[in-house]
Amino acid sequence: MDYTDTKGRIFDIQRFSVHDGPGIRTIVFLKGCILRCRWCCNPESQRYETETMIVHGKEKVIGQDVTVREVMETVVKDRPYYRRSGGGLTLSGGESLMQPEFASALLKAAKESGINTALESTACAPFENVSKLLPWLDTYLLDIKHMNSDKHREFTGKTNRLILENAEKIARSGTVELVVRVPVIPGFNDTREEIEEIAAFARRLWGVRKMHLLPYHRLGQDKYIGLGRTYELEGVLPPAGDHMEMLRKAAEEKAGIVCQIGG
């Protein structure tokens with residue numbers, strides 16, 4: 001079988017994005033995630049199964065089975081924009097590592113088409129899954145949410161042990177640009193001490209030169225209503241701009257690398 005016939009399950013493709021990697025990008029969102037982060041802005045991504053969500057009062061089926069070839073037909077449409085901006089394809093989710101064969105085939109197809117690749121991932125999966133993607137990957141946008149394993153499990157459903165172990169292995173591989181990203185969530189990890197702990201870990205990772213702090217937002221809250229689920233951070237407000245700037249400066253000083261808000 002031609003590898004471009006590899007099938008996977010996605011729930012969206014977003015073109016002309018300027019986030020989640022350098023330049024103008026096409027983001028492919030894969031279904032399925034092992035974590036259950038309380039602040040998740042894509043709750044429709046968590047279950048691998050196809051489901052129905054109410055959007056603007058109408059039922060919408062979430063989840064579509066596609067081949068690599070079908071996805072690439074959309075991705076290559078914007079090749080001129082990638083060339084001019086240094087952009088390309090980003091895989092997001094959910095967690096792409098839950099569909100390693102499909103994800104690696106997508107990245108391979110992009111690289112063989114001369115398109116830059118990036119992965120937005122928690123790395124909460126066996127390293128065997130991670131290693132399948134690394135040969136075809138330019139940038140790994142790795143979420144590090146907390147250094148305390150118990151608190152990480154309380155807010156995401158899993159400990160951080162595997163994530164931190166994989167972060168070190170990815171860094172040691174020396175094959176990708178590794179960027180540490182931190183979703184800053186009030187009441188979870190928004191103190192100076194907590195951010196500095198993550199920054200200190202980032203400093204120990206070989207080759208890491210960038211760190212992104214991503215302010216909490218509530219843009220996905222209506223999706224929980226559409227799925228008939230409870231949004232657990234009701235009433236939690238996004239962090240103030242001056243607070244984010246304080247955290248950014250603290251992280252940059254601690255990590256000794258460039259730290260920016262957003263990414």
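Only a predicted model underlies this, so the values are computations on that prediction, with no experimental measurement involved.
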Practice item. Verify the distance criterion only: is there a donor paired with an acceptor across the side chains of Glu95 and Ser121 at less than 3.5 Å? Key: yes
Query raised in the report: Should the heavy atoms of other residues, nucleotides or ligands under 6.0 Å from CD of Glu253 be counted, would the total exceed 12?
Result: no
Worksheet item: Side-chain donor-acceptor pair under 3.5 Å between Asn189 and Lys145, yes or no?
Response: no
Side chains of Gln260 and Glu252, donor plus acceptor under 3.5 Å:
no
Review point. With no hydrogens and no angle check, do the side chains of Ser92 and Thr90 hold a donor and an acceptor under 3.5 Å apart?
Key: no
Other residues, nucleotides, ligands: >12 heavy atoms within 6.0 Å of His19 NE2: no
Can you say whether the rings of Phe155 and Phe188 are parallel (under 30°), tilted (30 to 60°) or perpendicular (over 60°)? tilted
Quiz item: Would a 4.5 Å heavy-atom cut-off, applied to side chains only, mark Pro183 and Tyr216 as touching?
Solution: no
Exercise. For Lys210, does the NZ atom sit with more than 12 other heavy atoms under 6.0 Å from it, leaving out its own atoms?
Worked result: no
- Electrostatic pair Arg181:Glu120 at N-O distance under 4.0 angstrom: yes
Side chains of Arg153 and Asn160 only: does a donor on one sit below 3.5 Å from an acceptor on the other?
no
Of all heavy-atom pairs linking Asp138 and Ile115, the shortest is OD2-O, 4.4 Å
Tightest non-hydrogen contact, residues Cys124 and Leu162, listed as C-CD2, 4.0 Å
- Could you tell me whether Glu128 atom CD has more than 12 heavy atoms of other residues or ligands within 6.0 Å of it? no
Exercise. Answer yes if the side chains of Thr230 and Tyr224 hold a donor-acceptor pair under 3.5 Å, and no otherwise.
Key: no
Looking at Lys254, I'd like to know if its NZ atom is crowded, meaning that more than 12 non-hydrogen atoms belonging to other residues, nucleotides or ligands lie closer than 6.0 Å.
no
| query | Can you tell if the side chain of Leu178 reaches within under 4.5 Å of the side chain of Leu205, non-hydrogen atoms only? | reply | yes
| Just wondering, are more than 12 heavy atoms of other shown residues or ligands nearer than 6.0 Å to NZ in Lys169? | yes
* NZ/Lys158: more than 12 non-hydrogen atoms of other groups inside 6.0 Å -> no
Chi angles and distances behind the side chain to side chain contact (heavy atoms under 4.5 Å, CB included) call for Val68, Asp5:
CA-CA 6 Å; Val68 168; Asp5 291 323; over 6 Å; no
Please test Leu119 against Thr139 for side chain to side chain contact (heavy atoms under 4.5 Å, CB included), starting from the C-alpha separation and ending with a verdict. CA-CA 6 Å; Leu119 173 70; Thr139 303; over 6 Å; no
* Within a strict 4.5 Å, meaning less than it, do heavy atoms of the Ile27 and Asp12 side chains meet? -> no
On a heavy-atom basis, the closest approach of Gln46 and Cys37 is NE2-O, 4.1 Å
More than 12 heavy atoms from other groups under 6.0 Å of OH on Tyr81: no
- Task: Please determine, by modelled atom types, if Thr26 and Tyr82 share a side-chain donor-acceptor pair under 3.5 angstrom.
- Result: yes
When every non-hydrogen atom of Ser45 is compared with those of Leu30, the smallest separation belongs to CB-O, 4.4 Å
Note to self: For Tyr231 and Lys223: C-alpha separation, side-chain torsions, deciding distance, then whether side chain to side chain contact (heavy atoms under 4.5 Å, CB included) applies.
What the structure shows: CA-CA 9 Å; Tyr231 185 66; Lys223 295 180 180 180; over 6 Å; no
So, the side chain of His243 versus the backbone of Asp190: is there a donor-acceptor pair under 3.5 Å, distance only?
yes
In terms of heavy-atom contacts, Ile163 and Ile144 come closest through CG2-CD1, 3.9 Å
Smallest heavy-atom separation, Leu227 atom then Glu51 atom, equals CD2-OE1, 3.8 Å
Item to complete: Answer yes or no: is there an ion pair linking Lys151 with Glu154, defined by an N-O contact shorter than 4.0 Å?
Response: no
